[in-house]
2 protein chains.
Amino acid sequence: MNVQEAMQRLKEKGFKHTDKREDMLELFSNEKRYLAAKDVLESMQDKYKGLSFDTIYRNLSVFTELGILESTELDGEKKFRFTCSTDHHHHHLICLDCGKTKHIDECPMDLFPVKKEGFHIVGHKFEVYGYCEQCEVQRP
Amino acid sequence: MNVQEAMQRLKEKGFKHTDKREDMLELFSNEKRYLAAKDVLESMQDKYKGLSFDTIYRNLSVFTELGILESTELDGEKKFRFTCSTDHHHHHLICLDCGKTKHIDECPMDLFPVKKEGFHIVGHKFEVYGYCEQCEVQRP
DNA sequence: ATATTTGCAAAACGTTTGCATACGG
DNA sequence: CCGTATGCAAACGTTTTGCAAATAT
């Protein structure tokens, strides 16, 4: 998945091409890490003066519904990242400061059976948290 | 951990005994599942007419800081449950409807090495989500 | 007596919505 | 042109806060 493919998918689904959308996708494509809505706004409000949270949130929703972005909830905030191009199901090691990630290829659900006894399982979450080299050194 | 032990721990730390605190702990002790602040308020406002969210939230914080409750974030809400008495580190299978849980004794962190490369790891989260028997049948 | 706990009110925070206008195809 | 996208303002739900009154020890 890259910006071109993402814009193509938008077009196919009847969404329109706008510079803001393209720039949002560029941002995620460049950063390859988890960003909150406020991070997106911050990065873009130099170029787009009146840009507001509604537009950011609406586009984040659209992107996520189309599978262009994936999201997680960290510290009470929804965070988004470009969907990993790997088709292999995997998890992430996440920097709590900057949102940078590393892949974890193993999935716990494959490695041992969860005794479901009467539960209808619909999903799981496995994330490892830490601080990356850069953030670790400048931590308070 | 039971209600008596929890009240004892509060006392040791200089917190006062109040009926509301004891009843909150009774609730968690009886329910043994993840509850949101609003669930707690709902259960208690028959007995305590003027009871408000501030008190609930303040006490949830105190209980969590003292390790009496443990919390997770589900669907944008903080949810709390009585800390499992098991001393064995474990994870949970959680009903997305009622918050009921089952233990998962295995921890993915023990089962395979996460390649940390430069990350300073400080935590992890592994949760499996589903619907328990009761909630599954009455699902929309 | 004193410090903690509570209720009230208000605000914070991230997020979502209705509506009128602007803009892309 | 038509329908989508956007900005504005206002609301939302959850959680937090300052303050004065009530309560536990």
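Order of the sequence lines sets the chain letters (A, B, ...), proteins ahead of strands, with each chain counted from 1.
- For B/S52, counting side-chain heavy atoms from C-beta on, the closest listed nucleotide (C/dT15, C/dG7, D/dT6) is C/dG7.
- Across the interface with DNA chain D, nearest-nucleotide mapping of B/D19 and B/K79 shows B/K79 to be the residue nearer the 5′ end.
- Of the residues near DNA chain D, B/F15 and B/A37, the one whose nearest nucleotide (by heavy atom distance) lies more toward the 5' end is B/A37.
- Within the 4.5 Å cutoff, the side chain of B/H91 has no heavy atoms near those of the B/M109 side chain.
- Residue A/E73 contributes atom CD, which lies 13 Å from atom C1' of D/dG13 at whole-angstrom precision.
- Residue-to-nucleotide contacts include no donor-acceptor pair under 3.5 Å from the side chain of A/K38 to the base of C/dG14.
- Closest approach to the A/Y57 side chain among C/dG7, D/dT15, C/dT16 is made by C/dT16 (side chain taken as heavy atoms from C-beta onward).
- Between B/K78 and D/dT16, a side-chain N or O to OP1/OP2 separation shorter than 4.0 Å is present.
- At the heavy-atom level, B/R21 lies under 4.0 Å from the strands shown only through sugar-phosphate atoms.
- Rounded to a whole Å, the CG atom of A/L35 is 13 Å from the P atom of C/dT15.
- Between B/H103 and B/H90, the ring planes lie parallel to each other; the angle is under 30°, not in the 30° to 60° tilted range.
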After noting the C-alpha distance and the side-chain angles of A/R33 and A/R81, does the key distance pass the side chain to side chain contact (heavy atoms under 4.5 Å, CB included) rule? CA-CA 5 Å; A/R33 57 193 181 92; A/R81 57 162 291 144; 5.5 Å; no
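- The distance between atom CD of A/E77 and atom P of C/dA12, rounded to the nearest whole Å, is 17 Å.
- As rounded to whole Å, 24 Å separates atom P of D/dA24 from atom NZ of B/K13.
- Atom-to-atom, CD1 of B/I56 to P of D/dT16 comes out at 13 Å; the value is rounded to the nearest Å.
- A salt bridge links A/K38 with A/E77: the closest approach of a Lys/Arg side-chain nitrogen to an acidic carboxylate oxygen falls below 4.0 angstrom.
- The shortest distance between side-chain heavy atoms of B/Y131 and B/V137 does not fall below 4.5 Å.
- In this entry the distance linking CG of B/N59 with P of C/dT4 reads 14 Å, nearest Å.
- Atom pair A/E65:CD and D/dT4:P shows a separation of 14 Å (rounding to whole Å applied).
- Per the geometry, CG belonging to A/D75 stands 18 Å off P belonging to D/dT14, to the nearest Å.
- Side-chain proximity of A/K16 to the nucleotides C/dG14, D/dT4, C/dT17 is greatest for D/dT4.
- Which of D/dT15, C/dG24, D/dC8 sits closest to the side chain of A/R58 comes down to D/dC8.
- Each of B/T18 and B/D54 has a nearest nucleotide on DNA chain C; the 5'-most of these lies closest to B/T18.
- The shortest distance between the side-chain N/O atoms of A/K20 and the OP1/OP2 oxygens of C/dA22 is not below 4.0 Å.
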